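Working notes, structure below.
Order of the sequence lines sets the chain letters (A, B, ...), proteins ahead of strands, with each chain counted from 1. Please read all numbers here as calculations on a predicted model, not as lab measurements.
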Amino acid sequence: MNVELQINNSVNANARFITWAPSPCRVRVTNPTGAAGPTVTVQLTGLSTAGGGAIMLRKSTTGAFSPSVTLQVPTNGSSVAFFVAGKFGKASVSSGDVKLEAKVGTAIVGSVPLMVRIRKNATKLTTAERDRFIAAFAQLNNQGLGRFQDFRDMHRTQASLNQAHGAAGFLAWHRAYLLDLERELQAIDSAVALHYWRFDQAAPSLFSLDFLGTSDQVGTVSFSPSNPLRFWVIDGIPGINRRPLFNPTQAPGGLRTEAQTLAIGSTYSQFRTMEGDPHGLAHTSFGGSIQTPSTAPKDPLFFLLHCNVDRLWAKWQRQNRRFDPAVAASYQGGVNPLGHNLNDSMWPWNGATTPPRPPIAPGGTLAPSPCTAAPGPQPLVRSCLDFQGSVAAAARMGFDYDDTPLA
Amino acid sequence: MSKKLGPRKRSRRAASKGATKATGRGYLSVMKSGKKSAAERTKAVSAVSPATADDSELASLMAVLTDKTAPIRVRLAALQSLGAARFASPAFASNQGDYIAALRKVVDDPDHELRQRVLGILAREKDGYAQNRLLEGLKNKDKALLPPEKALQLLGYDVHANAYPVAREIVQNPPNQQAKREALRLLAADAASAPMFEKILQDKNESSEIRQIGAAALHALKPDSLQAHARAIVMDPSESDDIKQTCLTALTQFGPPQIGEDKTLMDRVDQLSTRGSAKVQDSARELRAKYKR
């Protein structure tokens, strides 16, 4: 007897990635040999390798998770639904370091490798995680051409910056932007997630030759000979300009800490002021590309900085239950500029090029994921709030943070 | 409002209570007051919330920035707040012209750090005035606002062909190694410089740092050439470990899939994976893991 395990309701090996949010899955009998009746009892269990990820299961959209579930599966090939989620605090470190095993009695009838793929504090990555992350980034950079150039161009002109900054949609726009980039990194290496620079903590291992490089007094960044970021090219110029205006063995000073940021206020209109502090001040704690909006994406650190901004939003959302677009305090009401209202579509993914949208829309639609259909190729602002699918399961965007459990 | 709170905390408390901007504006006069201490003035600067900074707050920050009598730490704090507001304040766009004008006013400031930061911002904003002043300084030392290596780096934010001749001259007669490096980085935007970078990458008399710039520039300008040279360098037993490792990285990360079929190269990589220095061994093993069948 054999069963087929469909993770994220897919047989695609690239869909075998889960987060803290429950992934819809299915099991079906593909070879009923030996079955005695119309159904067979299948026990599904998560098996972790040492130091690897851990998963939990449940039979339906609600209810408690447990390490294993038992299902009655028809032998006629019809499928039965179940749900898998990563066990909070037990993220994977590599693809396949946890597996889902199906047994009938004592016989193993199916198994799939999984990864609890989670965005992590960049200072806490294993060497292998770090190396895969920077290799994927370097390959996406692709001599400053292609898809990375799109990401650079999305955040370049004043018209494009107006779509992303200085108004209510700041957080939603950057959430979509990071997700788009993360999915492109995953197309290069499916085991990679985007990681974050926690700018209220010291991160000496991040600002090191083997990771995002060290800066000399001119502000030119050096890398070790084995670091592929030494081949970083953008706008035709090799290398990265970044000059910390703080001691890089410490955190930058003068920014709101995480606790202060989460205490800004319980409505979105209050919380959004974090665009200035800590977000803006994190940027301006450096000289170099990252210091100015139009050049900031030239430095890969930009994406880790913004990943932390997004993480802070996620934590604030969880703390205040602000996932539901129908709840007024989850977003900023009133009339906002085009692209910043809850029901607006977002440039450039919508392809809109009529003023006040910018005249070009680099990059096309948002990259798809084999793990989830959300937020869709042309996301609306409202599609970016319920990222874990805690209000509507279909809204799950397919990412999570190491320190932000399921709401 | 409690007198025990600092200006930034007072500002946050006011914001959280929904207070209007008309209240508690004392920090604007404090930041500009020559009678207050630098610490008090710096605190007053940080009381401006970058996300909600309005016209008068932005104007006050610019006034502090351009006030040559103000302590430098206060002016640098004002510059940082303006930079943060540039990201976040809806009022910033209508003040952009004044911002650029304020920055231009201080490019000749006697304080090196302020000059460097301001010229960096202007260069990233592709400001023609700043670009001309930087270029002028490269041609005439007496007019230099910044050291040549910094000026070249900043000109790289918006490369114009008129910077190439002076960059080539600096490559030929560099005042220091950093200036040579920055001149080479700038020239990497010039397709006509590819032969020079091929020569640099092959030149064993050059420093590792300069040869590595050559490799990165070729990656952008002529990637096939980088791959060919990287292969030759990996094969060469007399090459330094640093440059060998750089070339192994280039082959591993950016090489064509058929590298694994290059038996001569793979034999050499096998050899390096057991007999090179520890770092070269690691890089060789990485290449091997990716391509070896």
Side-chain angles (χ1 to χ4, degrees), chain A residues 131 135 138-139 142-145 158 161-162 165-167 170 216-220 222-228 230-233 235-239 241 243 245 254 256 260 263-265 270 272-277 279-285 287-289 291-296 298 337, chain B residues 8 12 15-16 46 49-53 79-81 83-90 92-93 96 116-117 120-121 124-125 147 149-150 153 156-157 159 178 181-182 185-186 188-189 208-209 212-213 215-217 219-220 223 241-246 248-250 252-254 279 282-283 286:
Chain A
D131 289 350
Q139 287 174 33
N142 185 25
Q143 302 143 250
L145 305 172
Q158 191 56 54
L161 295 168
N162 290 344
H165 282 276
F170 163 68
D216 66 12
Q217 62 186 27
V218 183
T220 295
S222 297
F223 299 98
S224 64
S226 60
N227 189 329
R230 69 165 41 252
F231 292 96
W232 189 264
V233 179
D235 295 349
I237 302 290
N241 301 332
R243 190 169 71 97
L245 305 177
R256 280 185 173 119
Q260 288 169 330
I264 289 174
Q270 292 169 322
R272 195 185 75 68
T273 62
M274 66 93 83
E275 184 181 0
D277 178 7
H279 157 262
L281 290 174
H283 276 278
T284 58
S285 59
S289 301
Q291 206 263 359
T292 299
S294 59
T295 55
K298 288 163 68 114
Chain B
R8 181 167 290 208
R12 285 175 191 156
S16 68
S46 68
S49 167
T52 56
L79 183 65
Q80 189 181 11
S81 285
R86 173 80 177 86
F87 277 94
S89 164
F92 204 93
Q96 174 76 4
Q116 175 169 255
R117 290 194 199 181
I121 296 167
R124 289 188 289 278
E125 297 281 358
E149 55 273 22
K150 190 68 193 178
Q153 185 200 62
Y157 282 113
V159 184
Q178 285 182 328
R181 180 192 71 196
E182 295 304 326
R185 288 181 68 202
L186 192 142
S208 283
E209 185 187 31
Q212 284 166 2
I213 292 285
H219 180 53
D241 281 354
D242 268 6
I243 203 74
K244 258 194 303 228
Q245 217 187 341
T246 296
L248 284 164
T249 303
T252 305
Q253 300 295 339
F254 311 111
K279 285 182 176 181
D282 286 347
S283 295
E286 208 177 320

With chain B, which of A:P293, A:G166, A:G236 has the greatest number of heavy-atom pairs at distances under 4.5 Å? A:P293
Side-chain heavy atoms of B:F254 within contact of A:Q143, under 4.5 Å: no
Which atom names give the shortest non-hydrogen contact between B:K150 and A:V218, and what distance separates them? NZ-O, 2.6 Å
Please flag which part of A:S224 lies under 4.5 Å from any non-hydrogen atom of chain B: side chain, backbone, both or neither. neither
Between A:D216, A:N227, A:L161, A:D235, the one whose heavy-atom pairs under 4.5 Å with chain B are most numerous: A:D216
Would you say A:N241 and B:R124 are linked by a side-chain donor-acceptor pair, where the criterion is simply a distance under 3.5 Å? no
Using 0.5 Å steps for rounding, measure from the OG1 atom of A:T284 to the CD atom of B:Q80. 3.5 Å
Tightest non-hydrogen contact, residues A:T273 and B:T52, listed as CG2-CG2, 4.1 Å
Measure the OG1-CZ distance between B:T246 and A:R230 for me, rounded to the nearest 0.5 Å. 4.0 Å
Identify which one of B:K279, B:K244, B:Q212 satisfies the side-chain contact (heavy atoms from CB on, under 4.5 Å) criterion when paired with A:P225. B:Q212
Heavy-atom distances under 4.5 Å only: say whether B:E286 touches chain A with side chain, backbone, both or neither. neither
Option in A:A167, A:G287, A:A138, A:G288 with maximal non-hydrogen atom pairs under 4.5 Å from chain B: A:G288
What is the distance from atom CZ of A:R243 to atom CD of B:Q153, rounded to the nearest 0.5 Å? 9.0 Å
For the student: nearest non-hydrogen atoms of B:R185 and A:P238, plus distance: NE-O, 2.8 Å
Within this structure, what is the OG1-CD distance for the pair A:T220 and B:E149, rounded to the nearest 0.5 Å? 9.0 Å
Examine whether an atom of A:F170 lies under 4.5 Å from a heavy atom of chain B, and if so say whether it belongs to the side chain, the backbone or both; otherwise answer neither. neither
B:Q96 portion near chain A, given a 4.5 angstrom heavy-atom threshold: neither
Heavy-atom closest pair, residues B:F87 and A:H279: CD2-CE1, 3.7 Å
So which of A:S289, A:G239, A:S294, A:A296 has the largest heavy-atom pair count under 4.5 angstrom toward chain B? A:S289
So which of A:S285, A:S226, A:G280 has the largest heavy-atom pair count under 4.5 angstrom toward chain B? A:S226
I need the minimum non-hydrogen distance between A:F231 and B:A250, along with the two atoms involved. CZ-CB, 3.5 Å
Toward chain A, the part of B:A85 with a non-hydrogen atom under 4.5 Å: neither
Note: A:I237 and B:A189 closest approach over all heavy atoms is CD1-CB, 3.9 Å
Turns out that what part of A:T295 lies under 4.5 Å from chain B's heavy atoms comes down to side chain
